[in-house]
Amino acid sequence: MFTPFTLRGLTLENRIVVSPMDMYSAEDGTPNDFHLVHLGGRALGGAALVMTEMTCVSPEARISLGCTGMYRDEHVDAWRRITEMVHRWTPAKICLQLGHSGSRGSTKLMWEGNDVPLEEGGWECIGPSAFPFRDGMQVPRAMTRADLERVRGDFVRAARMALDAGFDMLELHCAHGYLLSSFITPLGNRRSDAYGGSLENRLRFPLEVFSAMRAVWPAERPMSVRISATDWVEGGIDGPQAVQIARAFHRAGADIIHVSAGQTSAMAKPVYGRMFQTPLSDRIRNEAGIPTIAVGNITEPDQVNGIIAAGRADLCALARPHLADPNWTLHAAAQLGYTRQPWPVQYLTGKEQLERNLRRQRELDLLGTSTI
Ligand SMILES: Cc1cc2nc3c(=O)[nH]c(=O)nc-3n(C[C@H](O)[C@H](O)[C@H](O)COP(=O)(O)O)c2cc1C
């Protein structure tokens, strides 16, 4: 867990990633003090890579009115303030996740109801085909060729702006039933043109978007693609197809595949459990030989060490554990007795005290065991 990992010109100090998490707290797409403290705090907390929430490439690409964006000039300055804080005060790197909500757009903030359409102030959604993500949601307009070109252009503009804003890495969001994901899964895509039908056709638009972004993103900076490696639905994407999807993005220049799952269909029957998506990462990494990020219910330092040591993934992304504890990596190091973990110099007295208390606790535990 505390070994470095290099992708192109980017070296990460350890294997922990702060998984992308929408905070639904932006206005007009502009990240604010909340995002600065939230992302900056987690960068101080020891994770080697901090990912932003899904940042939307146009106003209509947002899930909700609170989503961050990368489409107005102000967004570049607001994001630069955050990347500069991370780079100046922490050893962490920062990755921008770019996405488009597709048929899951124009909905309320997470805490007002998941996938609940906005009653006012909403917008027309677009998707590969004209049917809703779930009953009660908007029926999206099926994208025309002009829409495909415009959206691809929006992603390219956002990638250029990301460079200007100082991001170290980009991730293209092709998971969870949002626009690009809904092209890939047969459950979202019923097109009869070159962008629907076979997996090769369904991948065409997401690959066009990825390649166009790769072309403007510097060669020394890595790119990741987040996929849903199973739909958890009979007849949907499954393990073997996920390997094909990973191979296609890797050929197009993706350096690492972020292996998520599901959220692509209301009919899904996910099987949850500890590290439940890790077998999907394992399969892609070991069948296709492509670096992966495992994510999903990874909560313990021992689980991370097990996943990395067994070669089931190259990096582990943790989302909810980082909401509960921004310093998850610093605490994990102390818990494991790994005293070489760098802490922010401002916090060093906290490191010494925590390590001393944990050492005493271990000694007491040992004493307890030996006297039994
Ligand atoms: C509040 C919240 C917001 C999320 N927003 C995003 C997002 O913007 N983009 C994304 O790819 N995944 C998002 N996710 C999914 C997480 O990145 C992660 O895949 C999922 O929570 C499983 O990991 P965990 O068990 O460590 O929480 C979100 C999860 C949470 C809890």
Side-chain angles (χ1 to χ4, degrees), residues 20 54-58 60-61 63 70 95-105 125-129 133 140 142-159 162 169-217 222-231 236-238 241-265 280 284 288 290 292-293:
M54 178 174 112
T55 296
C56 307
V57 296
S58 65
E60 304 75 36
I63 302 167
M70 192 60 112
C95 173
L96 180 70
Q97 187 188 62
L98 286 175
H100 189 303
S101 56
S103 61
R104 297 186 72 185
C125 293
I126 52 171
S129 311
F133 182 71
M143 288 171 78
T144 62
R145 182 156 280 274
D147 291 322
L148 295 173
E149 275 167 28
R150 192 190 63 252
V151 171
R152 189 184 57 206
D154 291 343
F155 274 97
V156 171
R157 177 185 58 197
M169 181 172 169
L170 285 184
E171 176 168 278
L172 183 61
H173 196 344
C174 294
H176 303 165
Y178 297 111
L179 184 69
L180 299 175
S181 162
S182 63
F183 267 85
I184 298 172
T185 171
L187 307 172
N189 184 339
R190 299 182 192 162
R191 293 177 80 96
S192 52
D193 62 2
Y195 294 94
S198 65
L199 177 59
E200 190 190 350
N201 279 359
R202 299 194 316 266
L203 271 168
R204 192 179 307 279
F205 181 57
L207 283 171
E208 280 178 6
V209 169
F210 180 85
S211 300
M213 288 166 71
R214 184 73 266 185
V216 300
W217 188 242
M223 283 183 70
S224 162
V225 176
R226 189 173 238 214
I227 63 168
S228 283
T230 175
D231 287 324
I237 300 289
D238 57 9
Q241 285 185 31
V243 174
Q244 290 180 47
I245 294 166
R247 281 202 171 107
F249 280 113
H250 188 56
R251 271 196 303 272
D255 304 289
I256 196 158
I257 303 296
H258 196 164
V259 188
S260 190
Q263 290 189 54
T264 49
S265 162
L280 300 158
I284 290 171
I290 298 170
T292 59
I293 307 174

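No experiment lies behind these values; they were computed from the predicted model shown.
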Taking all non-hydrogen atoms of both residues into account, name the closest pair between [X] and [Y] and its distance.
X	Y	result
His176	Ser260	NE2-OG, 2.7 Å
Met70	Leu96	CE-CD2, 3.9 Å
Ala248	Leu203	CB-CD1, 3.9 Å
Gly188	Ser129	O-OG, 3.9 Å
Phe133	Ser103	CB-OG, 3.8 Å
Ala159	Leu98	N-CD1, 4.0 Å

Inset, instruction - Take atom CZ of Arg150 as the centre, draw a 6.0 Å sphere, and report whether it contains more than 12 heavy atoms from other residues, nucleotides or ligands. - result: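 Counting neighbours around CZ of Arg150, more than 12 heavy atoms of other residues, nucleotides or ligands fall under 6.0 Å, so yes.
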Inset, instruction - Please check if atom CD in Glu200 has more than 12 non-hydrogen atoms from other residues, nucleotides or ligands closer than 6.0 Å. - result: no
I need the [X] [atom1] to [Y] [atom2] distance, nearest 0.5 Å.
X	Y	atom1	atom2	result
Asn189	Leu199	CG	CG	10.5 Å
Cys95	Ile256	SG	CD1	10.0 Å
His100	Arg152	NE2	CZ	14.0 Å
Ser181	His173	OG	NE2	8.0 Å

Can you find a pair of side-chain heavy atoms, one from [X] and one from [Y], that are under 4.5 Å apart?
X	Y	result
Phe249	Cys174	yes
Ile290	Arg247	yes
Pro20	Arg226	yes
Gln263	Ser228	no
Ile284	Val243	yes
Ser101	Met54	yes
Pro222	Met169	yes
Asp255	Arg214	yes

Inset, instruction - Determine whether the side chains of Ser265 and Asp231 contain a donor N or O and an acceptor N or O closer than 3.5 Å. - result: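 No, Asp231 and Ser265 have no side-chain donor paired with an acceptor closer than 3.5 Å.
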Inset, instruction - For the pair Phe205 and Phe183, name the ring-plane relationship: parallel under 30°, tilted 30 to 60°, perpendicular over 60°. - result: tilted
With a 3.5 Å distance limit and no angle check, can you tell me whether [X] reaches the backbone of [Y] through a side-chain donor-acceptor pair?
X	Y	result
Ser182	Leu179	yes
Arg191	Arg202	no
Arg204	Ala194	yes

Inset, instruction - Test side chain to side chain contact (heavy atoms under 4.5 Å, CB included) on Ile227 and Ile237 and set out the steps. - result: CA-CA 10 Å; Ile227 63 168; Ile237 300 289; over 6 Å; no
Legend entry - Evaluation steps, side chain to side chain contact (heavy atoms under 4.5 Å, CB included), between Phe210 and Leu180: CA-CA 10 Å; Phe210 180 85; Leu180 299 175; over 6 Å; no
Inset, instruction - Test Ile245 against every option in Ile257, Leu207, Ile184, Val225 by the side-chain contact (heavy atoms from CB on, under 4.5 Å) rule and name the one that passes. - result: Ile184
